[in-house]
Amino acid sequence: MLASGRGSNLRALIDAVESGAIKAEIVGVFSDRPACAALQVASAASVPARALRPTDFGSRADFDTALFDLIDASQPDLIICAGYMRLISADMVRRHAGRLINIHPSLLPRHRGLDTHARALAAGDSEHGASVHMVSVEVDAGTVIGQARLAVESGETAAALSTRVLQLEHKLLVAIVEAIADGTIGLAPEQVSWRGNALPAPLSLNSQDQLEDTR
Ligand code: GRF
């Protein structure tokens, strides 16, 4: 896993692995911020954690090569960006095509990038939520695997909305990683499959926290 901040999505995945809900091992947590809370979350759970400082490298490409060499050394089947706040260079995205996913706090393709909650409110959106998607060279533009949505309440602040979406993020990320680990979701460089067939549209997290195809 890659993280830059508080690490609540990481915590949710660690809990799900420890409870046996996700049949997988978290082999490492990697960061661009040596002081971030996510690294402490990892260490407290005895998950190997490493950070590299971007300012110690001459270019984005050099930093990413060093970071992904570390990641690759732990031989992950899946690389999860969970609050990793740095752009990943195109070379590294291509080198890990089909194995790199991200959680984003909006209903993509709406609100790519930052400040998604304030932007959803400013746009007058009646629905908001979270998406897990394949990482592509273009930011927040890869195939959306699944989404969790909620109704925006009238007068709701961006902070309150962010708190509610974060709770959904944890459930969505756990459900999707669980489905990848047990093979219900298949990832390939150009295609996502669901129960053996090409995924025609993003899956939805229902009120029982189950993924379903709601086309
Ligand atoms: C989450 O909202 C995630 O979607 C976004 O950054 C935040 C990270 O939160 N990319 P946390 O570090 O997992 O608590």
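Whatever order the structure lists them in is the order used to number ligands and atoms, beginning at 1.
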Give, for atom CG of D77 and atom CD of E25, the distance between the pair rounded to the nearest 0.5 Å. 10.0 Å

For atom 10 (N) of ligand 1, what's the nearest protein heavy-atom neighbour? Residue, atom name and distance, please. I103 O, 3.5 Å

About how many Å separate CG of L150 and CZ of R164, when rounded to the nearest 0.5 Å? 4.5 Å

May I have the step-by-step check of salt bridge (charged side-chain N to carboxylate O under 4.0 Å, His left out) for R60 and D91, ending in yes or no? CA-CA 11 Å; R60 177 181 300 282; D91 277 357; over 6 Å; no

I'd like to know if P105 contacts ligand 1, where contact means a heavy-atom distance under 4.0 Å to any ligand atom. yes

Look at atom 9 (O) of ligand 1 and say which protein heavy atom is nearest, naming residue and atom and giving the distance to 0.1 Å. R6 NH2, 3.1 Å

If we check side-chain contact (heavy atoms from CB on, under 4.5 Å) with C81, which of these qualifies: I103, L2, I101, N9? L2

Distance from atom 3 (C) of ligand 1 to nearest protein heavy atom, with residue and atom: E169 OE1, 3.2 Å

What's the shortest distance from atom 6 (O) of ligand 1 to any protein heavy atom, and which residue and atom give it? G83 CA, 3.5 Å

Using 4.0 Å as the upper bound for N to carboxylate O, is an ion pair formed by E138 and R112? yes

At what distance is the nearest protein heavy atom to atom 12 (O) of ligand 1, and which residue and atom is it? G7 N, 2.8 Å

First locate atom CD1 of I14, then atom OG of S46, and finally report the distance between them rounded to the nearest 0.5 Å. 9.5 Å

Restricting to heavy atoms, the pick from G5, A82, S8 nearest atom 14 (O) of ligand 1 would be S8

